[in-house]
Amino acid sequence: MDLDEVVKRTNLSYVEGREHVNETTSIYLMNGQLLGVSRESYAGYALRGYDNGVLYFSSSKSLDNLKLVKVKADGWERLEDVQVNPGRYEVKQKRSFDSMSLDEKVKFLKDVYLNLTKLDVKSKILNFNVNYLESVEEKRIVFHDGNEVRGRVPRVWIYFSIVMKYQDRTATVWSDEFGASGGLEWLDNWGIEEKLAEKIREVDQVLVKGKALKEGKYDVVLGPMLAGIMAHESVGHPFEADRVLGREAAQAGLSYLTYMKEKKVGSEAVTVIDDPTLPNSNGFFEIDDEGVKARPKYLIKKGEVNELLHNRFSASKYNTKSNGSARAMSYNREPLIRMSNTFFQPGDMTLEELLADVKEGVYFKSYMEWNIDDLRLGERYVGLQAFEVRNGELGDPVLFPVLEGKTNELLSKVDGASDRLQFFAGVCGKGDPDQGVPVWMGGPDLRLRDVYLKVI
Amino acid sequence: MNEELLSLLDSLKGFDEKAVLKQRVQNTVVKVVESKVATVQNLDDEVYYVLVKKGRKYLVATLRGRGEEVDYSRLVDALEEPKISPKLTDNAKEYKFEKVDHAMEKVKEDPQKVIDSIDSKYPVYGIVNLIKREVSLVTSKGFNGTDVRSTVDGYFRAFNGEFSGQWSFASTTYSDKLVREAVETASDFASITNKVSVDDGRYDVVLSPMVMGNLFGYLADMASGLSIVMGESIFYDVKPGTKVASEKLTLLDTPKQDRPTSVGFDWEGTFTRDKAIIEGGVFKTPLLNNEVAELLGMESTGNAGWVYPRAWNLEVKEGKVEMEDLLAGNAILFNNNWYTRFQNYVEGQFSTVGRDAVVVYREGKPVGVSPRLRIADSLKNLLRNLEELSRERYLVKWWDAPTPTLTPYALFKGVKLTRA
């Protein structure tokens with residue numbers, strides 16, 4: 001029996017059968033020495049069907065073991081629209097993974113380490129850990145009506161974690177810039193050494209010369225890395241309709257939109273978009289795992305709530321159509337509402353123009369610790385590469401400033417965005433059993449007026 | 001025993017050392033939203049991992065996927081000598097352990113019993129996992145072992161308007177009582193109303209077993225020998241025998257107890273054993289496999305993971321007082337937390353966000369709950385400032401505390417709290 005037959009025999013109004021393969025090669029290096037290599041392949045089948053408010057799901061490596069275990073219940077889910085948009089999508093590689101051998105890849109990563117440890121900095125590099133991953137995700141999804149969706153996305157990601165120490169100050173520098181879909185052409189384009197060198201030099205300055213600021217109100221400029229995490233955590237997650245409705249309440253929590261009825265959540269300068277169709281992005285797909293065509297979603301438009309991220313089931317509860325946001329990490333996970341590439345829309349000012357109008361403030365270029373409450377309202381970011389802004393000019397490093405505030409208050413204080421747009425790679429976690437899916441998060445520089453900053 | 005694995009092991013030619021490990025996890029999941037069933041899932045995961053070595057060069061891979069056609073020998077040849085190389089244990093013994101809860105197997109076939117046990121005055125949200133886990137290992141050193149166990153775990157969150165409470169459980173045997181009591185305790189926490197504002201500052205704080213499970217899970221990760229070597233640990237420059245915590249703290253890794261995720265052998269074929277990570281406030285040992293132990297000049301503690309050693313499950317020793325005694329003065333009780341993030345692993349500086357009932361006690365009486373409070377302190381401070389633990393303990397595991405942990409409530413003095 002093949003997957004098509006299994007789907008056909010599952011006599012429910014909506015059924016998906018998915019064949020899903022994730023293949024990953026990982027290389028780990030510590031202080032320039034190889035730590036290990038792994039080749040992992042996870043391939044199997046999933047079957048999901050809807051009946052009387054319950055989503056039944058089964059997964060296995062073997063089609064024979066797929067079994068929907070039914071219960072007597074008037075379930076929580078709802079489903080109206082079952083129309084499927086068939087098709088296929090694929091991300092092409094300009095340089096295939098095979099164009100470099102394993103030992104050439106190891107050498108490439110070692111060279112990055114060797115060159116960066118020659119930098120003239122005062123801090124000691126205690127540890128320099130590198131994790132390189134290349135992966136291919138392939139899926140074929142068959143639906144109750146015989147329609148089919150196929151997708152193939154290769155991805156490459158290099159993650160760095162560097163522990164630096166100067167006297168009694170230590171900091172962990174990590175890098176999320178280097179992740180995308182495509183092939184090894186990214187190794188040529190990322191400029192890894194230059195970007196990491198800048199990061200190490202600036203963190204060294206913070207450790208050697210950084211002074212704690214005085215708690216109080218400042219104008220703040222958040223760099224694209226901060227804008228990215230804010231777009232993801234403070235806007236993307238709370239705009240997942242299943243979260244607003246409570247499906248994730250016991251796990252990652254609810255959303256401020258569960259309780260907040262007003263449309264206005266930020267200033268006119270705030271527009272946040274989730275767009276899975278960005279070419280070569282980390283969160284790329286063209287048709288979601290429920291057979292709905294993907295498109296850019298304007299979550300916040302000029303400060304107002306515009307639309308949520310939906311799958312078929314949340315859309316039915318809102319009497320609307322799904323906007324194609326359902327994704328599953330692997331064969332053994334149900335599709336959930338997920339972000340793809342979430343970002344603040346850039347403005348029309350340069351960074352220099354944004355800074356020019358700041359008399360006394362702080363520029364947060366990167367962060368160390370961050371978290372947010374389970375309504376996605378109260379958030380905290382601790383700056384790593386952070387600098388004083390005095391009379392429009394970047395000044396001395398600031399030691400670990402703390403930005404803590406409420407989402408709607410912070411978004412209301414944004415009065416300008418720069419014209420550059422940068423993305424950062426991440427793995428977004430959600431659901432139980434948990435799922436991590438690749439995403440981009442990004443934005444321009446954002447200027448916020450009159451924000452209260454704390455110290456550690 | 002393990003004929004299929006032995007045949008796979010035999011098919012891997014040209015290596016000095018090799019091992020095949022099979023993990024099969026059959027999980028029946030019931031997810032509840034607003035006291036209604038949202039999804040029932042039947043997950044059957046089976047993975048075959050292989051370790052192959054030539055000299056110190058090695059590769060870890062999965063079998064039975066598309067990787068089967070990969071030429072492992074060529075890949076290993078192409079590698080340079082690694083800094084750390086997994087080392088299989090000279091253990092040629094056979095090991096078999098099987099303890100399956102047959103009552104749980106019946107519930108897995110028909111999870112209606114779970115659904116019928118959920119009864120609450122408030123809307124509840126949560127999940128129950130009913131798991132049969134099988135781990136089998138064969139090595140070229142002659143080890144041949146199988147370990148099969150049942151596990152049930154779950155958690156429920158009850159909402160009383162904008163007030164909420166959560167509780168969780170874990171066990172090796174299923175009982176409706178586990179579900180009923182978790183729902184009840186979550187509802188009790190949710191019934192505490194009245195918002196109280198708490199300013200930034202230092203407070204005496206009581207952490208519930210779920211918060212303990214979350215924070216001590218991170219601490220156990222930091223106790224992994226590899227985390228220490230990689231500089232991702234507060235134990236980075238701490239020698240065993242050093243005092244790191246209040247003498248009231250004893251933290252154990254307990255794979256020999258009848259608890260979820262216990263197992264009789266590790267991935268290198270070393271028999272597991274219970275051990276103190278911290279005993280009476282003193283750091284006793286990192287968690288080690290053979291290769292990291294060698295690097296640190298120590299012996300394996302039976303916690304492999306190839307390359308990465310880790311805890312199997314955790315136990316915090318009980319104290320001598322009732323939970324109410326911990327709250328007798330002015331204190332803030334954290335029912336639950338999530339989103340723990342470290343600024344810096346060496347210093348252990350972190351913050352974590354309180355959720356559900358963060359209850360403010362004045363003179364032993366609850367006066368209300370405080371939203372958006374964070375613990376923003378260092379793990380080192382927290383360990384030093386542990387004042388007392390409750391006599392009663394709870395075995396918990398939930399989404400943000402994934403390592404099963406048997407732990408009491410605990411009172412910590414002078415913990416820094418901030419509010420967004």
Side-chain angles (χ1 to χ4, degrees), chain A residues 21 23 30 33-43 54-61 65 67 69 71-77 101-103 106 126-127 129 163 170-172 246-247 249-251 253 332 334 368-374 377-380 382 404-406 432-433 454 456, chain B residues 27-29 33-34 36-47 58-62 64-67 70 75 78-80 82-84 109 111-112 115 125-127 155-157 159 162 166 230-231 307 338-339 341-347 349-353 355 372 374 399 418 420:
Chain A
V21 183
E23 290 184 331
M30 183 171 70
Q33 283 187 283
L34 183 66
L35 199 59
V37 173
S38 68
R39 296 283 290 249
E40 294 181 26
S41 173
Y42 299 97
V54 181
L55 272 165
Y56 294 99
F57 181 81
S58 178
S59 65
S60 176
K61 283 192 177 304
N65 291 348
K67 189 173 68 175
V69 180
V71 292
K72 286 183 222 111
D74 175 19
W76 180 82
E77 304 280 1
S101 66
L102 203 51
D103 53 332
V106 172
L126 295 183
N127 267 81
N129 305 318
V163 183
T170 55
T172 305
R247 197 181 194 270
Q251 290 83 32
N332 53 3
E334 63 173 335
M368 313 188 278
E369 168 206 321
W370 83 102
N371 53 26
I372 190 162
D373 68 26
D374 65 308
L377 198 58
E379 59 212 80
R380 170 184 168 103
V382 181
E404 219 170 81
K406 286 166 75 176
D432 192 356
K454 300 179 182 178
I456 289 176
Chain B
N27 185 6
T28 302
V29 184
V33 179
E34 278 183 280
K36 289 183 165 188
V37 181
T39 177
V40 178
Q41 304 190 0
N42 177 30
L43 313 173
D44 179 6
D45 290 345
E46 189 179 63
V47 190
Y58 78 95
L59 180 78
V60 171
T62 52
R64 287 288 165 92
R66 290 189 186 179
V70 175
L75 279 172
L79 293 171
E80 62 177 79
K83 183 177 172 63
I84 300 173
E109 289 298 314
Q112 194 70 40
I115 296 157
Y125 304 70
I127 209 158
Y155 51 89
F156 288 95
R157 193 175 192 197
F159 279 86
E162 59 186 310
Q166 182 157 327
M230 292 178 85
V307 182
W338 85 314
Y339 227 132
R341 288 291 182 274
F342 285 81
Q343 282 161 33
N344 174 328
Y345 287 92
V346 177
E347 299 300 323
Q349 204 84 33
F350 76 102
S351 75
T352 190
V353 187
R355 66 184 249 177
R372 296 196 313 283
R374 271 180 178 73
W399 189 69
T418 67

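Per chain, numbering begins at 1; letters A, B, ... match sequence-line order. Just so you know, these numbers use all the heavy atoms, side chains as well, and skip hydrogens, waters and symmetry mates.
If you measure heavy-atom distances from B:Phe350 to chain A, the contacts under 4.5 Å come from the backbone alone. B:Val40 touches chain A through backbone and side chain together, each having a heavy atom under 4.5 Å away. When heavy atoms are compared at a cutoff of 4.5 Å, B:Ile84 approaches chain A by way of both its backbone and its side chain. Of the atoms belonging to B:Thr418, heavy atoms from both backbone and side chain fall under 4.5 Å from chain A.
Electrostatic pairing of B:Arg157 and A:Asp374 counts as a salt bridge here, judged by a charged N lying under 4.0 Å from a carboxylate O. Salt bridge annotation for B:Glu109-A:Lys67: present, with a cationic side-chain nitrogen under 4.0 angstrom from a carboxylate oxygen.
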Any chance you could lay out the side-chain contact (heavy atoms from CB on, under 4.5 Å) test for B:Val346 and A:Val163, step after step, and finish with the verdict?
-> CA-CA 9 Å; B:Val346 177; A:Val163 183; 4.0 Å; yes

Stepwise side-chain contact (heavy atoms from CB on, under 4.5 Å) test for A:Val106 and B:Glu80 | CA-CA 9 Å; A:Val106 172; B:Glu80 62 177 79; 3.5 Å; yes

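The closest side-chain heavy-atom distance from A:Ile456 to B:Gln343 is below 4.5 Å. Between A:Glu334 and B:Thr39, the closest side-chain pair of non-hydrogen atoms falls below 4.5 Å. A 4.5 Å side-chain heavy-atom check between B:Leu75 and A:Leu102 finds at least one atom pair inside the cut-off. Under the 4.5 Å side-chain criterion, counting only non-hydrogen atoms from C-beta, B:Leu43 is not in contact with A:Ser58. When side chains are defined from C-beta on, A:Asp373 does not count as touching B:Arg355, because their heavy atoms never get closer than 4.5 Å. Looking at heavy atoms from C-beta onward, B:Arg372 lies in side-chain contact with A:Lys406 at the 4.5 angstrom threshold. Side-chain contact between B:Leu59 and A:Ser38 is absent, with no heavy atoms from C-beta onward closer than 4.5 Å.
Put simply, CE on B:Met230 and CG on A:Leu35 are 5.5 Å apart, with the number rounded to the nearest 0.5 Å. Taken to the nearest 0.5 Å, the OH atom of A:Tyr42 stands 5.5 Å off from the OG1 atom of B:Thr62.
Closest heavy-atom contact between B:Glu34 and A:Trp76: OE1-NE1, 2.7 Å. Nearest heavy-atom pair across B:Gln41 and A:Pro433 is OE1-CD, 4.1 Å.
Per-residue counts of heavy-atom pairs under 4.5 Å with chain B were compared for A:Glu369, A:Glu404, A:Arg247; the largest is that of A:Glu369. Counting heavy-atom pairs under 4.5 Å between each of A:Asn65, A:Val382, A:Leu55 and chain B puts A:Leu55 at the top.
With no hydrogens or angles considered, a side-chain donor-acceptor pair links B:Tyr155 and A:Gln251 at under 3.5 Å. Side-chain N/O atoms of B:Ser351 and A:Asn371 include a donor and acceptor closer than 3.5 Å. Side chains of A:Thr172 and B:Asn344: a donor-acceptor N/O pair is absent below 3.5 angstrom, by distance only.
A donor-acceptor pair under 3.5 Å links the side-chain atoms of B:Gln112 to the main chain of A:Lys72, judged by distance alone. Judged by distance alone, with hydrogens and angles left aside, the side-chain atoms of B:Trp338 form no donor-acceptor pair with the main-chain N or O of A:Gly253 at under 3.5 Å. For A:Arg380 (side chain) and B:Val353 (main-chain N/O), no donor-acceptor pair under 3.5 Å exists by modelled atom type.
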